[in-house]
Every structure is written in C-alpha cells, then in structure tokens.
A.B. asks: 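A single structure is presented below for examination.
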Amino acid sequence: NAGVMQNPRHLVRRRGQEARLRCSPMKGHSHVYWYRQLPEEGLKFMVYLQKENIIDESGMPKERFSAEFPKEGPSILRIQQVVRGDSAAYFCASSLLTDSYEQYFGPGTRLTVT
Amino acid sequence: QKEVEQDPGPLSVPEGAIVSLNCTYSNSAFQYFMWYRQYSRKGPELLMYTYSSGNKEDGRFTAQVDKSSKYISLFIRDSQPSDSATYLCAMSGVGGSQGNLIFGKGTKLSVKP
C-alpha cells in the first residue's frame with residue numbers, strides 16, 4: 001500500500017485523556033499536513049510539517065495540541081486533556097513537493113471523546 | 001462572509017446527466033484551485049487542480065476557474081452511480097503558501113441509476 005496511512009482509524013478517549021494520532025506519508029513524500037473535519041464543517045488546516053520541522057502551524061489551537069514529524073517514523077498529532085469538542089475526523093495529507101497544493105489524503109482517524 | 005462558499009446540496013441527478021458543482025470565494029489572493037471527492041467515511045481524493053483562471057479537462061471531468069468573478073466550477077459528464085460522493089473545492093496561495101488549503105464544506109451528490 002503506497003498511500004498515506006493513518007492509525008488508529010477510530011479512537012475513543014475519555015475527557016482529560018491524551019490522544020495520539022499517527023500518519024505515515026506516501027512513499028517518497030517528506031511533507032505532511034494535518035486537517036480537522038468537525039461534524040457539518042469543512043476540512044480545516046491545522047499544521048504543515050517537514051521532517052524535524054514545523055513549517056506552518058497557523059491552524060493549530062494554541063493549547064493542548066502539538067505535532068511532530070521526526071527524522072524516523074510517522075508524524076504524530078497529539079491532543080492533551082481532550083474535551084468533547086475535540087471529537088472530529090483528523091486527516092493527514094502528504095505531498096512530494098515543498099508547500100504544495102497537490103496533497104494526497106489518508107483515510108482519517110475518527111476521534112470520539114466521551 | 002466565509003472565505004469559500006459551497007452549496008451543501010444534496011444534489012440528486014439521474015445517471016447520464018451532466019453535473020455542475022460550484023464554489024465562490026472572497027479572497028482574491030487565491031491562486032490554486034482543487035477539487036476533491038470524498039466517499040462516506042473515507043479520506044478526500046484529489047480529482048483535479050488548476051492554477052489561476054481557465055479550464056482543465058480530464059476524462060469526464062472539467063474544472064473551470066473564473067478569477068474575475070471569484071467562481072470555480074466542476075462539471076461531470078455522463079454521470080455514473082459511482083460518482084455519488086461529497087465533492088469538496090479547495091483553494092490556496094494566500095501569503096505565498098500553497099499548502100495551506102482552504103476548503104468549502106462540500107456538496108453531496110447522488111447519481112441515481
């Protein structure tokens with residue numbers, strides 16, 4: 001499977017717990033983007049990362065959310081002390097080129113906070 | 001006013017019909033325009049992308065951009081039941097950033113056999 005991979009596909013967390021979402025980009029891609037899709041809302045950009053660097057985090061909430069893309073391994077979106085409003089589908093996309101509009105999306109992680 | 005407006009539908013058409021999907025936008029700085037298809041409970045799939053104004057054709061799909069009107073369209077010819085999905089428009093280019101995509105809410109399309 002050469003596509004973008006995300007895991008887990010479904011994640012249930014109680015309020016106050018931490019959520020970790022993982023994304024492996026397409027083979028050969030080194031640019032990763034995270035988006036959030038709230039119910040009845042469009043996809044919203046959160047953050048753009050290259051290996052070991054955060055390039056654009058203009059869409060990230062200021063508190064509780066963080067993202068990384070280490071030299072080895074998948075990109076991780078971490079949400080600390082989750083609240084019910086964090087329940088959403090989180091999509092990762094990757095691109096071959098730097099800061100590219102040509103992005104390929106993974107299947108998403110559906111986070112439910114109870 | 002939202003940056004990108006898209007009629008959510010739902011839009012229902014018979015098989016074989018020509019489908020027209022549209023988005024309007026307010027920010028004249030957008031330079032790149034994309035259409036994605038999203039099946040239920042799946043990730044968005046990139047269909048087409050265009051730069052600036054003009055038309056682009058790919059098989060049964062045609063994308064049009066009219067920057068003077070801040071209006072983009074996706075036409076689907078000879079629509080098939082397998083085209084039933086939500087179609088998302090997306091744009092970028094503000095502040096020189098191509099990768100920060102701004103999405104419409106999506107139009108849900110149903111093609112009836």
Side-chain angles (χ1 to χ4, degrees), chain A residues 1 3-7 9-10 21 23-26 29-50 53-60 69 75 88-112, chain B residues 1-10 21-27 29-52 56 58 63 65 72 85-108:
Chain A
N1 185 354
V4 177
M5 297 175 66
Q6 290 188 249
N7 67 81
R9 295 291 307 277
H10 301 275
L21 289 62
C23 169
S24 296
M26 283 180 71
H29 288 192
S30 57
H31 305 273
V32 166
Y33 313 77
W34 285 93
Y35 293 82
R36 176 165 66 173
Q37 189 172 39
L38 292 165
E40 307 303 321
E41 293 290 327
L43 284 153
K44 302 291 186 189
F45 171 83
M46 299 180 75
V47 62
Y48 161 40
L49 310 105
Q50 296 176 16
N53 284 302
I54 297 174
I55 307 301
D56 179 358
E57 56 181 349
S58 59
M60 285 281 269
F69 190 14
S75 174
Y90 292 82
F91 291 95
C92 163
S94 72
S95 70
L96 178 65
L97 302 177
T98 301
D99 188 26
S100 176
Y101 55 85
E102 189 177 350
Q103 299 177 18
Y104 297 87
F105 281 76
T109 293
R110 278 160 181 80
L111 172 66
T112 301
Chain B
Q1 181 185 14
K2 290 190 182 296
E3 278 197 291
V4 179
E5 299 272 9
Q6 186 174 9
D7 186 336
L21 303 165
N22 312 293
C23 288
T24 59
Y25 62 94
S26 57
N27 194 334
F30 287 132
Q31 297 286 337
Y32 306 94
F33 304 91
M34 283 66 67
W35 285 96
Y36 283 84
R37 176 174 63 195
Q38 187 175 22
Y39 292 112
S40 181
R41 313 296 276 182
K42 303 289 185 185
E45 172 193 4
L46 180 61
L47 281 177
M48 299 185 72
Y49 54 87
T50 53
Y51 170 68
S52 197
K56 186 174 183 179
D58 184 1
V65 175
I72 70 170
T86 296
Y87 289 79
L88 308 168
C89 63
M91 310 176 187
S92 69
V94 178
S97 170
Q98 298 183 22
N100 183 337
L101 302 186
I102 309 298
F103 280 86
K105 286 189 177 183
T107 299
K108 189 170 185 179

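Please read all numbers here as calculations on a predicted model, not as lab measurements. Chain naming here is simple, since letters A, B, ... match the order of the sequence lines and numbering starts at 1 in each.
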A.B. asks: Can a side-chain donor-acceptor contact be found between B:Gln98 and B:Tyr32 if the only test is distance below 3.5 angstrom?
C.D. replies: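 On atom types as modelled, these side chains qualify, holding a pair under 3.5 Å.
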
A.B. asks: Say whether B:Thr50 and B:Trp35, considering side chains only, have a donor N or O and an acceptor N or O under 3.5 Å apart.
C.D. replies: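 No, B:Trp35 and B:Thr50 have no side-chain donor paired with an acceptor closer than 3.5 Å.
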
A.B. asks: Counting heavy-atom pairs closer than 4.5 Å to chain A, which one of B:Pro44, B:Ser92, B:Gly106 comes out on top?
C.D. replies: B:Pro44

A.B. asks: Would A:Lys44 and A:Tyr35 count as a cation-pi pair here, with the cationic atom under 6.0 angstrom from the ring centre and within 45° of the axis?
C.D. replies: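 No, a cation-pi geometry is absent between A:Lys44 and A:Tyr35.
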
A.B. asks: Under 4.5 Å from any heavy atom of chain B, what part of A:Ser58 do you find: side chain, backbone, both or neither?
C.D. replies: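 Contact with chain B: side chain only.
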
A.B. asks: If we define contacts as heavy-atom pairs under 4.5 Å, which of A:Arg9, A:His31, A:Gln37 has the most with chain B?
C.D. replies: A:Gln37

A.B. asks: Name the region of A:Asp56, side chain, backbone, both or neither, that has any atom closer than 4.5 Å to a heavy atom of chain B.
C.D. replies: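 When you check distances to chain B, only side chain atoms of A:Asp56 fall under 4.5 Å.
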
A.B. asks: Side chain, backbone, both or neither: which part of A:Gln6 has an atom under 4.5 Å from a heavy atom of chain B?
C.D. replies: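 A:Gln6 has no heavy atom closer than 4.5 Å to chain B.
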
A.B. asks: Within the distance-only criterion (no hydrogens, no angle test), does the side chain of A:Tyr48 pair as donor or acceptor with the backbone N or O of A:Asp99 below 3.5 angstrom?
C.D. replies: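 The answer is yes, because a donor-acceptor pair under 3.5 Å joins these two groups.
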
A.B. asks: For each of B:Gln6, B:Gln31, B:Gln38, tally heavy-atom pairs with chain A at distances under 4.5 Å, and name the one with the top tally.
C.D. replies: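 Top count of heavy-atom pairs under 4.5 Å with chain A: B:Gln38.
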
A.B. asks: Would you mind telling me which of B:Arg41, B:Lys42, B:Glu45 has the largest number of heavy-atom pairs within less than 4.5 Å of chain A?
C.D. replies: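 Answer, by heavy-atom pair count under 4.5 Å with chain A: B:Arg41.
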
A.B. asks: For B:Tyr51, which atoms come within 4.5 Å of any heavy atom of chain A: side chain, backbone, both, or neither?
C.D. replies: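 B:Tyr51 has no heavy atom closer than 4.5 Å to chain A.
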
A.B. asks: Does the ring center of B:Phe33 lie less than 6.0 Å from the ring center of A:Tyr101?
C.D. replies: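 Ring centres of A:Tyr101 and B:Phe33 not closer than 6.0 Å.
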
A.B. asks: Identify which part of B:Leu88 has an atom lying under 4.5 Å from any heavy atom of chain A, answering side chain, backbone, both or neither.
C.D. replies: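 Contact with chain A: side chain only.
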
A.B. asks: Please confirm whether the ring centroid of B:Phe103 lies under 6.0 Å from the ring centroid of A:Phe45.
C.D. replies: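 They do not qualify: ring centres at least 6.0 Å apart.
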
A.B. asks: In terms of side-chain heavy atoms, does A:Tyr33 have a donor or acceptor partner in A:Ser95 at a distance below 3.5 Å?
C.D. replies: yes

